[in-house]
Novice: 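My questions will all concern the structure given below.
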Amino acid sequence: MPDSDRDSFFSSALLGWYDPDRRPMPWKAISDPYRIWLSEIILQQTRVEQGLPYFERFVTAYPEVGDLAAAEDEAVMKLWEGLGYYSRARNLLKAARMVVGSHDGVFPDTYAGLRTLPGVGPYTAAAIASFAFGRQVAVLDGNVFRILSRFYNDSTPIDTGKGRKHYQELVDGAMGTADARLFNQAIMDFGALVCTPKQAKCSHCPLTERCKALAENTVYDLPVKEKKLKRRTRYFHFLVLADEKGQTIIEQRLEKDIWQNLFQFPLIETDEPGLGTNALALHANWPDWIATNDLRFVKRSAPLKHQLTHQTIHVVFHHFSWKGMPEKISGKIILNNKMFENYAFPRVITRYLADKSLLLDLF
DNA sequence: AAGACGGGGCG
DNA sequence: CGCCCAGTCTT
């Protein structure tokens, strides 16, 4: 049941609290749809501090949407390297090319039009529509779920279709006729600075007098999620194959899996934990294009645990020298020393490569 | 509706 | 170690 009195208290208190300068961001004070779109894609499931340097890199490399549309796929993946959720980078490029190819270089200026761009879902379409075009649409993101579930002491799960619809109605009502651009920025700043997941700043919150979760002492029980996180465990063995000319081999991940389109050292994935190099060379998954009698084992890295949100990956790097490595290998790329900078790698590999002492005996 | 998809920061 | 972050797409 709508509670317009409560809604108007919420929006006026929120806007009274809001000060755009408290959390400055380069895309906040502008209305350029390209930059707003770029920032919103980067910030999906990503903290502002983490995304900010990437935003700067992209704007510098591609000042306008046409520059991005004309970029090489590999250059864009390389610029995105390390940020995660790489489908965002692939869709970023697709969308830029769509804007240039099908919309004459001009971004759609409606919620529905924006939704047709790949990578632009309900949240991002609302954000761009309000920030860039002043459309009267409210954003629904993690902050909004948390703030509204608390303010109304509402235990409706946020991770179901019904829940999303419910909270969209709540936030639409709360925004009312307030300036959408201000309201949306205010509610997200408020979630980041005051109504935080932990250690919420209830002692100086402008909404305390009517916050139901505070009154009921349920602040840290909200919001409610229905689904539990499931985690998969995987075992990755990367083969670092170096020849006497200082060359090594990489391959691109093309399957529908983690790190799609990124590069890696030739990978053997096994179901068994704790496999040593000898057992690996005898394993059924050993690639047929490497004859083990041509290799000389050099060393093996310590086992690394690469912890992701949905996967725990145990990684070992196995170093071999390969005299007479072929000049060409179908489906693989032969790299010489400094060429790593042209290819995007997962963090577990860039971090490994960054260790100078490892690289020394590699080449 | 349920899974899949990264990486980092913080308690 | 578990949770969360300016979510979206596929199945």
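Convention: sequence-line order gives letters A, B, ...; per-chain numbering from 1.
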Novice: Near DNA chain B, which residues from residues 139-158 of chain A have a heavy atom under 4.0 Å away?
Specialist: none
Novice: Measuring from the side chain of A/Lys198 (C-beta onward, heavy atoms only), which nucleotide among C/dC5, B/dG11, B/dA2 has the closest atom?
Specialist: B/dG11
Novice: Could you tell me how far apart A/His310 (NE2) and C/dG2 (C1') are, to the nearest whole angstrom?
Specialist: 13 Å
Novice: So, OP1 or OP2 of B/dG3: does either fall under 4.0 Å of a side-chain N or O from A/Lys230?
Specialist: yes
Novice: Do any of residues 14-27 of chain A sit with a heavy atom less than 4.0 Å from DNA chain C, and if so which?
Specialist: A/Arg23, A/Met25, A/Trp27
Novice: By nearest heavy atom, map A/Arg231 and A/Val120 onto DNA chain C; which one lands nearer the 5' end?
Specialist: A/Arg231
Novice: Expressed as a whole number of Å, how far does the P atom of C/dA6 sit from that of B/dC5?
Specialist: 23 Å
Novice: Is A/Glu81 reaching over with its side chain to a backbone N or O of A/Phe345, donor-acceptor style, under 3.5 angstrom?
Specialist: yes
Novice: Taking the nucleotide of DNA chain C with the nearest heavy atom to each, does A/Pro118 or A/Gly191 sit closer to the 5' end?
Specialist: A/Gly191
Novice: Is A/Asp154 salt-bridged to A/Lys212, cutoff N-O under 4.0 Å?
Specialist: no
Novice: Please check if atom CD in A/Glu272 has more than 12 non-hydrogen atoms from other residues, nucleotides or ligands closer than 6.0 Å.
Specialist: yes
Novice: Any ion pair linking A/Asp73 and A/Arg97 (charged N to carboxylate O, less than 4.0 Å)?
Specialist: yes
Novice: Could a donor-acceptor pair under 3.5 angstrom be found where the side chain of A/Thr124 meets the base of C/dG7?
Specialist: no
Novice: Could you identify which residues of residues 75-102 of chain A place a heavy atom less than 4.0 Å from some atom of DNA chain B, listed by residue number, or say none?
Specialist: A/Gly82, A/Leu83, A/Gly84, A/Tyr85, A/Tyr86, A/Arg88
Novice: Under 4.0 Å from any atom of DNA chain B, heavy atoms only: list the residues of residues 42-49 of chain A that qualify, in numerical order.
Specialist: A/Gln45, A/Thr46, A/Arg47
Novice: Nearest whole angstrom, please: distance from the C1' of C/dG7 to the NZ of A/Lys225.
Specialist: 11 Å
Novice: With a 3.5 Å cut-off and no angle check, do the side chains of A/Asp172 and A/Gln168 form a donor-acceptor pair?
Specialist: yes
Novice: Just grab all the side-chain hydrogen bond (donor to acceptor under 3.5 Å, both in side chains) pairs involving residues 222-240 of chain A, residues at least two apart or on different chains.
Specialist: A/Arg234-A/Asp257, A/Arg234-A/Glu269, A/Arg234-A/Gln311, A/His237-A/His318
Novice: Distance check needed: C/dT10 P versus A/Lys256 NZ, whole Å only.
Specialist: 7 Å
Novice: May I ask you to check whether A/Phe58 and A/Trp80 place their ring centres under 6.0 Å from each other?
Specialist: yes
Novice: Let's see if you can work this out: which of C/dA6, C/dC9, B/dG7 has an atom nearest to the side-chain heavy atoms of A/Trp259?
Specialist: B/dG7
Novice: Which nucleotide in the set B/dG8, B/dG6, C/dA6 lies at the smallest distance from any side-chain heavy atom of A/Arg347?
Specialist: B/dG8
Novice: In whole Å, what is the span from the CG atom of A/Asp221 to the P atom of C/dC3?
Specialist: 14 Å
Novice: Could you tell me which residues satisfy side chain to side chain donor-acceptor pair (under 3.5 Å) with A/Asn261, sequence neighbours excluded, listed by chain and number?
Specialist: none
Novice: Rounded off to whole Å, could you give me the CG-to-P distance for the A/Leu308 and B/dG9 pair?
Specialist: 14 Å
